[in-house]
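The structure under discussion appears below in the form of structure tokens.
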2 protein chains.
Amino acid sequence: MELRGRATIRDVAERSGVSTTTVSHVLNEVPGKRISEQTRVRVTQAAADLHYRPNKLAQGLRTQRTGLIGFLSDHVSTTPFAGRMILGAQDAAAEAASLLVLLNSGGDPEVEEREVEALLERQVDGIVYAAFYHRVVTPPQGLRRGPAVLLDARGVDGEFSSVIPDEVGGSRAGVEQLLAAGHRRIGFVNNQDDIPARTLRLAGYRQALEVYGVPFDHSLMVEREPSARGGFDGAMALLSGIEMPTALFCATDRMAMGAYQAAQELSLSIPRDLSIVGFDDQELVADSLRPGLTTVALPHYQMGQWAVRQLLEQIDAPESQPTHALIPCPVVRRESVGPPSRAVRGLGGEPQPA
Amino acid sequence: MELRGRATIRDVAERSGVSTTTVSHVLNEVPGKRISEQTRVRVTQAAADLHYRPNKLAQGLRTQRTGLIGFLSDHVSTTPFAGRMILGAQDAAAEAASLLVLLNSGGDPEVEEREVEALLERQVDGIVYAAFYHRVVTPPQGLRRGPAVLLDARGVDGEFSSVIPDEVGGSRAGVEQLLAAGHRRIGFVNNQDDIPARTLRLAGYRQALEVYGVPFDHSLMVEREPSARGGFDGAMALLSGIEMPTALFCATDRMAMGAYQAAQELSLSIPRDLSIVGFDDQELVADSLRPGLTTVALPHYQMGQWAVRQLLEQIDAPESQPTHALIPCPVVRRESVGPPSRAVRGLGGEPQPA
DNA sequence: CGGTTTAACCCAATCGTTTAGGCACGGCGC
DNA sequence: GCGCCGTGCCTAAACGATTGGGTTAAACCG
């Protein structure tokens, strides 16, 4: 029962009366090496007796492979999203017996360079560079010096492999929930921030309308800050319009929460008088609202997983071309969607999907 | 412009015409070593020219110090809380030029042992064992084999240093917000789960009442599951009672969200007809509700920070006694607390704090 | 002028592995 | 009896740092 000092390969060698070479061969099951059955059992037995575990540092020094993957993000861990990305990344890393080394820069490019340096010093096998919301980034220079993958971000040029959510498809699917339920006047409370999500979710919204042959009506869209406050304002603006929409599609769940509050203010019952669909699937919000919010989930777990898997492949096959993935955003159905309210329905037939 | 191959200490030595010994002495500013000014500049210059960075693996192998800290948690990353703990831990690690290696077990004790093993193989300097909500744990055996600290958890014996939130103090402070505003009938929607928070937050509630000389009324407490649903039910139960409380103290923010929904159902306006205080400060919830939820914050960032700082101390001074910290939970004031509604107020004078 | 200091370095071992390239020995064919 | 070939190991050189214990040459001392 040693307190700290772990057994080394030499201890195992001595105890089993062979050289460290042989121990290494046996324990690593090196192919093409001939070892007698007798020696094999003696060695494995000794290793077990001593609770021998190879020192990964030494191993890494020798093999130039540490089994460490750097996970560098801008603001990350703070957001609930981040957790799922990290989890996906971790699980994928575990498949290759690798571990994640976490670091976050707070968004400062200078800090970022330093942190990449720190990761490289530690001889990580590769680096995942994660953004905490989908956007276009110019990754730190240092990233070029080893395998790297962009997570929830697209590089300004296509230099690095990257993975992002299929915002357009998700958005379309979300709006189609409403269209399929019979809604034709669907308000869109969009995010006002200048990020990819804004234009992509709008594109999805328009695509869905088009599929159902509903013309895009500019007066049904407002843009606000992506908070409950913003959602509230936006929803109020749309709902107090002359011809009230029967449903709202909100660019984020927090905005959807604001829309709920607006509905309450106007004494509209969800989904009887107003249907709502959100985006993000922030469980804390979507699942806590009454009624539960139907929303589009961002595939953070899958993206994290994809990023690390891709990274591992690149590590094994350097010089491979960067690839770019688009992960689908599934709809999560809860109870905030129903048929349009009688009061407004049926103003002009029921167009079907084209 | 080398693609991958980093410069080694030997390269620096050759370029500056000295031995690696001297390079090491210069770069590490080893005290007591005499180096001529000339050599010093030649070496540092060469190191700079070559962009030399020591290989931390080799360094760690030799010095028995890796600058890696294992962060092992049960469910962690998934919850938004986790992020703040990790952030605090990271920042504290950065103070010592250390990095965090993340791992989570999903709660399976067997996996846990394996993961501790994996961390030890990698020669981490110490391990933080984090729970994602405050509770009593029996940490994996492997933890004994190196410095370790429990985060947001208490060991079943006092063997490991640990840090937990001051639930009692926080709870008391939260309830005092209501008492100070004049409330005397304060309902308590408690968590029904069998975890420390349940009894500790109750203790704080009672302490606060005592300070103000208000007798504890058992009929003012209900226990439900810690979700919006549970909060809704609990609040409904209390608010439909014969003598309605003028304020509610909810054991979690999600429950408080449910209480808001109950208030809406009963057409009670917050804080005019009903004041509410929550617990957790889940920003996503507390800050998104209308009106903003006054709540008690869990000091996740500080706990993470404390844990790593303590760990680093233990690494430098093994054999030191374990210490246990209690981090205060500050009240975060928003707009959900007001004076008691006229309808119910002034039924019997206004007791002052004892 | 011999001996002692001192300044300024350097040699080589070490941390714990992996791995290229031997080496010894027994059996086989001729 | 000799050469040859497997079989089953081992020796020693890495990997890239740190570090205890020198060594060398100049300066100093009496």
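So you know, we letter chains A, B, ... as the sequences are listed, proteins then strands, and number each from 1.
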Under 4.0 angstrom, heavy atoms only, what part of the nucleic acid is [X] near: base, sugar-phosphate, or nothing?
| X | answer |
| --- | --- |
| B:Ser24 | base |
| A:Ser19 | base |
| A:Val30 | nothing |
| A:Arg53 | sugar-phosphate |

Give the rounded distance in Å between these two atoms: [atom1] of [X] and [atom2] of [N].
| X | N | atom1 | atom2 | answer |
| --- | --- | --- | --- | --- |
| B:Glu37 | C:dA7 | CD | P | 15 Å |
| B:Arg10 | D:dA14 | CZ | P | 9 Å |
| B:Ile35 | D:dT19 | CD1 | C1' | 13 Å |
| A:Ile9 | C:dG16 | CD1 | P | 11 Å |
| B:Lys33 | C:dC9 | NZ | P | 13 Å |
| A:His25 | C:dA20 | NE2 | P | 9 Å |
| B:Gln123 | D:dA17 | CD | P | 18 Å |
| B:Arg34 | D:dA25 | CZ | P | 17 Å |

| request: Report the C-alpha separation of A:Ser161 and A:Gln314 in whole Å, then their side-chain angles, then the decisive distance to 0.1 Å, and conclude whether the side chain to side chain donor-acceptor pair (under 3.5 Å) test is met. | output: CA-CA 9 Å; A:Ser161 287; A:Gln314 289 185 21; 2.5 Å; yes

| query | Looking at C:dA8, C:dC10, D:dC10, which one has an atom nearest to any side-chain atom of B:Ser36? | reply | C:dA8

| Considering only side-chain heavy atoms of B:Pro54, which listed nucleotide, C:dC11, D:dA17, C:dT17, is closest? | D:dA17

Counting only side-chain nitrogens and oxygens, does [X] get under 4.0 Å of the OP1 or OP2 atom of [N]?
| X | N | answer |
| --- | --- | --- |
| A:Thr22 | D:dC10 | yes |
| A:Asn55 | C:dC15 | no |
| A:Thr39 | D:dC9 | yes |

| Passing candidate, side-chain contact (heavy atoms from CB on, under 4.5 Å) with A:Leu102, options B:Leu87, B:Leu102, B:Leu99 | B:Leu102

| field | Side-chain H-bond candidate by donor/acceptor type, B:Ser24 with B:Thr21, under 3.5 Å | value |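 The criterion, which ignores hydrogens and geometry beyond distance, is not satisfied for B:Thr21 and B:Ser24.
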
| Quiz item: B:Thr21 side-chain donor-acceptor pair to C:dC11 base, under 3.5 Å | yes

| Any chance CZ of A:Arg10 has more than 12 other-residue heavy atoms, nucleotides or ligands included, within less than 6.0 Å? | no

| said: For A:Arg40, is there an ion pair with A:Glu37 - N to carboxylate O distance below 4.0 angstrom? | reply: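 Salt bridge: yes.
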
| Is it true that A:Asp11 and A:Arg6 have a side-chain N and a carboxylate O under 4.0 angstrom from each other? |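 Salt bridge: no.
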
| said: Treating A:Thr20 as the side-chain partner and A:Ile9 as the backbone partner, does any N or O pair qualify as donor plus acceptor under 3.5 Å? | reply: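 No.
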
| Between B:Asp125 (side chain) and B:Ile69 (backbone), is there a donor-acceptor pair under 3.5 Å? |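 Answer holds: no.
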
| Hey, can you pull the residues of residues 56-67 of chain B with a non-hydrogen atom under 4.0 angstrom from DNA chain C? |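 Heavy-atom contacts with DNA chain C come from B:Leu61, B:Arg62, B:Gln64.
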
